[in-house]
2 protein chains.
Amino acid sequence: MAKSIKEIAQELNVSKSTVSLVINHKAEQARISKELERRVLDYVEKVGYKPNSLAKSLATGRSNTIGLIVENIGDSFFGPFALYVEELLRKKNYHVLYSSTLGDPQNARDIIDFMLEKKVEGILLAPTVNLDEHQRKVLEYKVPLVVFDRNSPEVATHYVHIDNGESSRKACLHLHEIGCKNFGLITIDSDQPQMLARKNAYLQFCEETSMQARILHLSYQNLRQKGMASLQNWVSKNTELDGLFFTTNYLCILGLKSLRSEEGKNFDFPLFSFDDHELFDLLNPKISCIRQPLEPLAKTCVKVLLKEIDRGISIPREYVISTDLIKR
Amino acid sequence: MAKSIKEIAQELNVSKSTVSLVINHKAEQARISKELERRVLDYVEKVGYKPNSLAKSLATGRSNTIGLIVENIGDSFFGPFALYVEELLRKKNYHVLYSSTLGDPQNARDIIDFMLEKKVEGILLAPTVNLDEHQRKVLEYKVPLVVFDRNSPEVATHYVHIDNGESSRKACLHLHEIGCKNFGLITIDSDQPQMLARKNAYLQFCEETSMQARILHLSYQNLRQKGMASLQNWVSKNTELDGLFFTTNYLCILGLKSLRSEEGKNFDFPLFSFDDHELFDLLNPKISCIRQPLEPLAKTCVKVLLKEIDRGISIPREYVISTDLIKR
DNA sequence: TATTTCTACTAAAACGTATTAGTAAAGATA
DNA sequence: TATCTTTACTAATACGTTTTAGTAGAAATA
């Protein structure tokens with residue numbers, strides 16, 4: 001069905017080179033006559049020629065594809081983020097090969113390998129833990145790499161992120177201002193740097209204000225099943241609590257669900273979420289939050305990556321995007 | 001950095017064929033001696049050989065990639081759906097080249113062309129309107145195509161979907177049962193078949209029960225800006241309304257936001273959404289809904305597509321997945 | 001008229017792999 | 001010892017492009 005340049009050339013009684021040159025708008029520079037150019041162009045149009053991208057990439061070394069590696073394409077942060085990325089890249093004639101790691105380093109490694117094999121021209125990565133080796137590998141292969149959302153301090157890459165510490169501090173101040181003098185922190189039990197930064201800012205705040213630190217660590221594994229129970233348990237034990245700060249929106253949602261399901265026992269203290277959610281402004285209690293501005297985040301990632309691709313790999317830098325405090 | 005088979009062969013003083021055969025576990029069938037096999041294997045391991053997928057695909061005709069074309073990877077239906085698809089395909093050693101059409105047929109056509117050029121082995125498509133030609137093109141190119149969520153009746157493809165009419169009818173019956181005798185329908189102003197089916201079932205229901213049909217059509221363009229106003233306006237004009245049926249969840253969310261923002265004027269009739277949402281069970285008023293079971297949907301899509309890829313293109317069939325009515 | 005320069009192309013090599021037909025050497029058979 | 005098999009490989013071709021060096025013929029120059 002799909003004709004190749006070779007076939008087209010035979011059918012037109014010209015050489016493959018001629019056809020290729022014409023197709024790639026190099027007729028003029030290769031001194032192909034206008035007549036022949038037209039003849040080729042018309043025929044190509046007529047048979048509906050579609051280039052074989054694989055062969056093309058093999059010959060040129062360019063795949064026009066970039067890899068996007070997120071934690072979970074289905075969640076309310078990465079999904080919309082991915083959409084922005086795709087839109088921005090579409091304009092530059094790039095396409096996206098994406099994959100979700102689900103936080104599993106082995107998945108992440110497989111994905112990176114696959115993308116290197118596919119000869120993506122650059123990779124946009126939200127790393128899992130234990131991914132240093134593979135990030136170095138990408139760099140060794142001279143494939144531009146931009147890391148976002150979190151990073152490994154041990155690997156020197158371009159890194160686009162929000163200021164987690166500062167944002168977390170803003171959150172604490174806000175809670176304090178509206179009267180919470182004993183709010184607790186609910187976070188995920190992992191050493192993802194961005195989570196640690198959020199937690200540390202809270203700890204620091206506690207120290208400064210002499211507030212007692214109350215932290216619940218939940219594990220990402222079977223969060224749905226075990227998380228709710230431990231959260232309920234923890235809250236009912238810590239009766240002095242007068243506010244909750246969730247270090248990410250899915251924890252906040254979990255919190256809402258578990259606290260809600262305890263009928264009767266209506267808690268009435270403020271909840272705060274790191275990361276907004278489409279429906280947070282419809283809920284009561286009202287949920288204030290830190291919002292990561294997705295579009296600037298995506299724009300910066302794409303801009304930095306494309307620059308690396310165009311101009312060659314440069315000295316790694318950090319790009320900090322400031323967050324918004326949404327009071328509700 | 002990345003060594004090729006050719007280089008490896010030279011460095012080992014053997015032929016390219018030998019290296020290739022060993023790498024592809026065909027040493028035995030090609031009667032390569034165990035010793036040489038080991039030698040090659042060790043060396044390949046040592047230099048960290050990574051095959052060039054492009055060259056490989058060019059030679060074998062297999063890309064191990066499938067294309068996934070959705071409307072919006074960032075939304076709460078397609079995002080999680082995509083995650084399921086990816087997971088299922090990962091197990092079969094396939095990867096995903098995805099793209100969002102945003103409902104724009106021209107985007108969709110570009111995406112399809114790109115995927116054909118990339119030699120994806122199959123395409124999973126949620127079509128936009130006016131995409132018949134390009135769907136036929138995919139079929140002409142002998143690339144397996146499975147369409148989901150919506151289809152064009154004019155093109156014969158495998159089609160995985162829920163029964164929109166029947167589900168919509170279930171929704172109407174539910175609303176009727178809980179006492180709504182005058183509920184209206186809010187839908188999108190487009191001729192997407194699944195939306196039409198939902199609307200038609202409502203109309204049919206109206207006829208059967210002699211309920212007056214009240215329908216508001218909103219346009220997808222600048223929904224966010226204009227939609228809220230027209231919705232508020234419509235609801236306040238139709239004072240007899242005692243329930244609202246939204247034909248999709250983003251409309252329902254829009255509805256919630258616009259109705260909510262009218263302070264004071266608290267409406268207290270039931271809302272029903274076609275498509276669930278992560279947070280619907282946390283809202284009040286409680287939102288009942290039709291839930292499309294994402295996992296079965298994704299499983300069926302993937303299964304059908306892989307079968308087509310394996311066994312060759314077969315006569316198009318429809319696969320209907322039944323929905324759940326979630327009462328809240 | 002002999003040489004140079006243009007014109008309008010084409011031949012050939014390259015990208016990195018898979019695959020099939022072929023082959024030299026050793027071993028088995030008669 | 002002459003022929004057939006088997007062993008252990010390799011040479012050659014193909015996949016579909018891009019790109020560079022080359023070339024035959026015409027036109028211009030000397």
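Every chain is numbered from 1, with letters handed out A, B, ... down the list of sequences. From a predicted model like this one, the values you see are computed outputs, not experimental measurements.
- Shown here are the salt bridge (Lys or Arg N to Asp or Glu O under 4.0 Å) partners of A:Glu87, two or more places apart in sequence or in another chain: A:Arg90.
- Between A:Ser4 and A:Glu7, the shortest heavy-atom distance links the atoms N-OE1, 2.9 Å.
- Screening residues 86-105 of chain A for ring pair (Phe, Tyr, Trp, His ring centres under 6.0 Å), with sequence neighbours left out, gives A:His95-B:Phe114, A:Tyr98-B:Tyr98.
- Rounded to a whole Å, the CD1 atom of B:Ile8 is 11 Å from the C1' atom of C:dG16.
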Could you pull out the protein-nucleic contacts involving nucleotides 27-29 of chain C (nitrogen or oxygen on both sides, under 3.5 Å)?
none

Please lay out, stage by stage, how A:Ile313 and A:Leu145 fare under the test side chain to side chain contact (heavy atoms under 4.5 Å, CB included). CA-CA 9 Å; A:Ile313 294 179; A:Leu145 173 65; over 6 Å; no
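- Residues passing the salt bridge (Lys or Arg N to Asp or Glu O under 4.0 Å) test with B:Glu28: none are found, sequence neighbours excluded.
- Of the residues in residues 30-43 of chain B, those with a non-hydrogen atom less than 4.0 angstrom from any atom of DNA chain D are B:Ala30, B:Arg31, B:Ile32, B:Ser33, B:Leu36.
- Annotation: salt bridge (Lys or Arg N to Asp or Glu O under 4.0 Å) contacts of A:Arg317 (sequence neighbours excluded): none.
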Please tabulate, for the side chains in residues 63-80 of chain B, all donor-acceptor contacts under 3.5 angstrom to protein atoms that are two or more places apart in sequence or on a different chain.
{"unit_1": "B:Ser63", "atom_1": "OG", "unit_2": "B:Thr65", "atom_2": "N", "d": "3.4"}
{"unit_1": "B:Ser63", "atom_1": "OG", "unit_2": "B:Lys119", "atom_2": "O", "d": "2.6"}
{"unit_1": "B:Asn64", "atom_1": "ND2", "unit_2": "B:Asn93", "atom_2": "O", "d": "2.5"}
{"unit_1": "B:Thr65", "atom_1": "OG1", "unit_2": "A:Lys118", "atom_2": "NZ", "d": "2.9"}
{"unit_1": "B:Thr65", "atom_1": "OG1", "unit_2": "B:Ser63", "atom_2": "O", "d": "2.9"}
{"unit_1": "B:Glu71", "atom_1": "OE1", "unit_2": "B:Arg150", "atom_2": "NH2", "d": "2.4"}
{"unit_1": "B:Glu71", "atom_1": "OE2", "unit_2": "B:Tyr220", "atom_2": "OH", "d": "2.9"}
{"unit_1": "B:Asn72", "atom_1": "OD1", "unit_2": "B:Gly74", "atom_2": "N", "d": "2.6"}
{"unit_1": "B:Asp75", "atom_1": "OD1", "unit_2": "B:Phe77", "atom_2": "N", "d": "2.8"}
{"unit_1": "B:Asp75", "atom_1": "OD1", "unit_2": "B:Phe78", "atom_2": "N", "d": "2.8"}
{"unit_1": "B:Ser76", "atom_1": "OG", "unit_2": "B:Asn249", "atom_2": "ND2", "d": "3.2"}

Summarise how protein sits on nucleotides 13-19 of chain D as a single string, 5' to 3': B when a protein heavy atom is under 4.0 Å from the base, S for sugar-phosphate-only contact, - for no contact. --BBBBB
If you look only at distance, which donor and acceptor atoms sit under 3.5 Å apart when one is on a side chain in residues 124-134 of chain B and the other is two or more places apart or in another chain?
{"unit_1": "B:Asp132", "atom_1": "OD1", "unit_2": "B:Ser152", "atom_2": "OG", "d": "3.0"}
{"unit_1": "B:Glu133", "atom_1": "OE2", "unit_2": "B:Arg136", "atom_2": "NH1", "d": "3.3"}
{"unit_1": "B:His134", "atom_1": "NE2", "unit_2": "B:Asp113", "atom_2": "OD1", "d": "3.2"}
{"unit_1": "B:His134", "atom_1": "NE2", "unit_2": "B:Asp113", "atom_2": "OD2", "d": "3.4"}

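- The CG-P distance, from A:Leu12 to C:dT10, rounds to 10 Å in whole Å.
- DNA chain D lies under 4.0 Å from no heavy atom of any residue of residues 110-118 of chain B.
- Between B:Lys3 and B:Glu11 there is a salt bridge, since a side-chain N of the basic residue sits under 4.0 Å from a carboxylate O of the acidic one.
- Residue A:Lys307 places its NZ atom among 12 or fewer non-hydrogen atoms of other residues, nucleotides or ligands, all under 6.0 Å distant.
- Salt-bridge annotation for B:Glu35 and B:Arg38: absent, with no side-chain N of the basic residue lying under 4.0 Å from a carboxylate O of the acidic one.
- Electrostatic pairing of A:Lys46 and A:Asp42 does not count as a salt bridge here, judged by no charged N lying under 4.0 Å from a carboxylate O.
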Summarise how protein sits on nucleotides 21-26 of chain C as a single string, 5' to 3': B when a protein heavy atom is under 4.0 Å from the base, S for sugar-phosphate-only contact, - for no contact. ------
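- When all heavy atoms of A:Val96 and B:Leu97 are compared, the pair lying nearest together is O-CD1, 3.1 Å.
- Atom P of nucleotide C:dT19 and atom CZ of B:Arg62 are separated by 11 Å, given to the nearest angstrom.
- B:Leu54 approaches B:Asn52 most closely through the heavy-atom pair N-OD1, 2.8 Å.
- Annotation: side chain to side chain donor-acceptor pair (under 3.5 Å) contacts of B:Ser15 (sequence neighbours excluded): B:Thr18.
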